[in-house]
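Here is how names work: the chains are called A, B, and so on, in the same order as the sequence lines, proteins then strands, and each is numbered from 1.
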Protein chains: 2
Amino acid sequence: MLSQTEENYLKHLLHFGMQEGNAKGISSRQLADKLEVKASSVNDMLKKLKEKNLVQFEPYGKLFLTTEGEQKAVQIIRKHRLWETFLVNKLKFNWADVHEIAEQLEHIQSAHLMDKLDEFLDFPTVDPHGDPIPTREGLFKDDQRISLGDVELNTLVKIVGVKEDSPSFLNYLDKLKIQIGAIIELSAKEEFDESYQIKHEEKTLHVSQKFIENLWVIPTS
Amino acid sequence: MLSQTEENYLKHLLHFGMQEGNAKGISSRQLADKLEVKASSVNDMLKKLKEKNLVQFEPYGKLFLTTEGEQKAVQIIRKHRLWETFLVNKLKFNWADVHEIAEQLEHIQSAHLMDKLDEFLDFPTVDPHGDPIPTREGLFKDDQRISLGDVELNTLVKIVGVKEDSPSFLNYLDKLKIQIGAIIELSAKEEFDESYQIKHEEKTLHVSQKFIENLWVIPTS
DNA sequence: ATTAAAAGTTAGACAAATCTAACTTTATTT
DNA sequence: AAATAAAGTTAGATTTGTCTAACTTTTAAT
Ligand SMILES: [Mn+2]
Ligand SMILES: [Mn+2]
Ligand SMILES: [Mn+2]
Ligand SMILES: [Mn+2]
């Protein structure tokens, strides 16, 4: 059985897209920053995970999750998202407050519990932030969402999720009364500071590039 | 913040009735057996908990939980029992299967979560095994339950709980179709092997002394 | 092509929670 | 009271995950 720490390393590796064959392999440096430990700690842990056949790497070489490591990581993400869904849908938590608690709950060891919770939640496919919930078998429904940052001006889109679920961003969305499911239009770009105008329910809002890049959308036909 | 290990020590000390002023102070030997560690490990941990003002003890002397230690322990028990209630009432777990998972869930750190869960469960006062759930403030409703082992023959009683929530005992009760709330009568005792006859819904059952001592009951007037 | 910067690695140390083995104190027998 | 057993303590070792500080390799800049 994996320790919570080992699980966290695997999860972050998957979030960084470190699956086998994925070109944009990320540095252990960034992993260290993200996990808020020193690079040497990351190095020590990677050796340990390699020993357990969960990652693959050679000194000064490329780093990858093995299939086994990826599967483990996916299950942790599944648990994280199911718990977040529970907290919001059942316990009526604000969507900005659930991530921290889910960081703890994702390490509870009981496959049976997750099956029961999944059923109780009526088999949700996305979490409160619009992130897909993998199946029991570890499969993600393939999704067509794109970043609002990649959308042409004057296209109608539906917001389906957020990239980063930081409280500051989520609370900002709440303040603007923008929720998942909202239909918006990216109506203008201000070259000077790369800011944008978006239209939402008759109102026009003015937001930053960072803001629009943080939203997942799908075009509405 | 306390580690899970520290929390487990405190919880077990409370279960052993080690509150200040309680005469039946238990030995660290028994604590070691229960926690499945060596006596020396217990000794090390007790020193640490003493340092943190959670227990009080001198070498070769009596051992007690401080008020602070007791409060912490009560909160852990509260969390354990609320989670068990959630698992049975909401996720439809069998009452024999929840203890193990609650052992993990009791260590999740979020007072807000427990308040929300408490509300979601409609403020339960007892867990699925009939054990009282302390309030937010750490108070146990004082209870009149007594052991079925201490009941006179031919008294009608209502089963309100079980002492040990081991799967073997709980599954045995399921097999006998005896649930919490059942009205039974202790109808006869066999001197030879200290076994008993109990009446339950027209049927007469034959059970051991260990069995009846494991049930909490209240007399029905 | 050198040099400088960044990234990655190693050795040695530390705190937490555990252990074994030896020792001391207290309790129980005879 | 002396001997034996049980309980409790201590010292020193181990494992996990981290650190610092020094070192090596790779990448970027001049
Ligand atoms: Mn999250
Ligand atoms: Mn999420
Ligand atoms: Mn329990
Ligand atoms: Mn219980």
Per the salt bridge (Lys or Arg N to Asp or Glu O under 4.0 Å) rule, which among B/Arg136, B/Lys79, B/Arg81, B/Arg78 passes with B/Asp118?
B/Arg78
For a quick check under 3.5 Å, do A/His99 and A/His80 share a side-chain donor-acceptor pair by atom type?
yes
Any luck finding a side-chain donor-acceptor pair between A/His107 and A/Glu7 under 3.5 Å?
yes
Would A/Trp95 and A/Asp174 count as a side-chain hydrogen bond (donor to acceptor under 3.5 Å, both in side chains) if you check the C-alpha gap in whole Å, the side-chain angles of each, and the deciding distance to 0.1 Å?
CA-CA 10 Å; A/Trp95 72 338; A/Asp174 284 348; 3.1 Å; yes
Could you tell me whether B/Phe211 and B/Tyr172 have their ring centroids closer than 6.0 angstrom?
yes
Does the ring of A/Phe120 carry A/Lys90 above it, NZ/CZ under 6.0 angstrom from centre and within 45° of its axis?
yes
Contact check, side chains of A/Glu6 and A/Lys52, non-hydrogen atoms, under 4.5 Å
yes
Minimum side-chain heavy-atom gap B/Leu170-B/Val162 below 4.5 Å
yes
Looking at B/Lys34, I want to see if its NZ is surrounded by more than 12 non-hydrogen atoms of other residues, nucleotides or ligands under 6.0 Å.
no
Are there any protein N/O atoms within less than 3.5 Å of an N/O atom in nucleotides 19-22 of chain D, and if so, which ones and at what distance?
| unit_1 | atom_1 | unit_2 | atom_2 | d |
| --- | --- | --- | --- | --- |
| D/dC19 | OP2 | A/Lys38 | N | 2.8 |
| D/dC19 | OP2 | A/Ser41 | OG | 2.4 |
| D/dC19 | N4 | A/Asp44 | OD2 | 3.3 |
| D/dT20 | O4 | A/Ser40 | OG | 3.0 |

Just how far, in rounded Å, is [atom2] of [N] from [atom1] of [X]?
{"X": "B/Asp33", "N": "D/dG8", "atom1": "CG", "atom2": "C1'", "answer": "13 Å"}
{"X": "B/Lys50", "N": "D/dG8", "atom1": "NZ", "atom2": "C1'", "answer": "14 Å"}
{"X": "B/Leu31", "N": "D/dA6", "atom1": "CG", "atom2": "P", "answer": "20 Å"}
{"X": "A/Glu58", "N": "C/dT9", "atom1": "CD", "atom2": "C1'", "answer": "14 Å"}
{"X": "A/Lys62", "N": "D/dT27", "atom1": "NZ", "atom2": "P", "answer": "9 Å"}
{"X": "B/Arg29", "N": "C/dT26", "atom1": "CZ", "atom2": "C1'", "answer": "15 Å"}
{"X": "A/Asn43", "N": "C/dG12", "atom1": "CG", "atom2": "C1'", "answer": "15 Å"}
{"X": "A/Leu63", "N": "C/dA7", "atom1": "CG", "atom2": "P", "answer": "15 Å"}

Position toward the 5' end of DNA chain D (nearest nucleotide), B/Ser28 or A/Tyr60
B/Ser28
Selection: residues 5-15 of chain A, any non-hydrogen atom under 4.0 Å of DNA chain D
A/Thr5, A/Tyr9
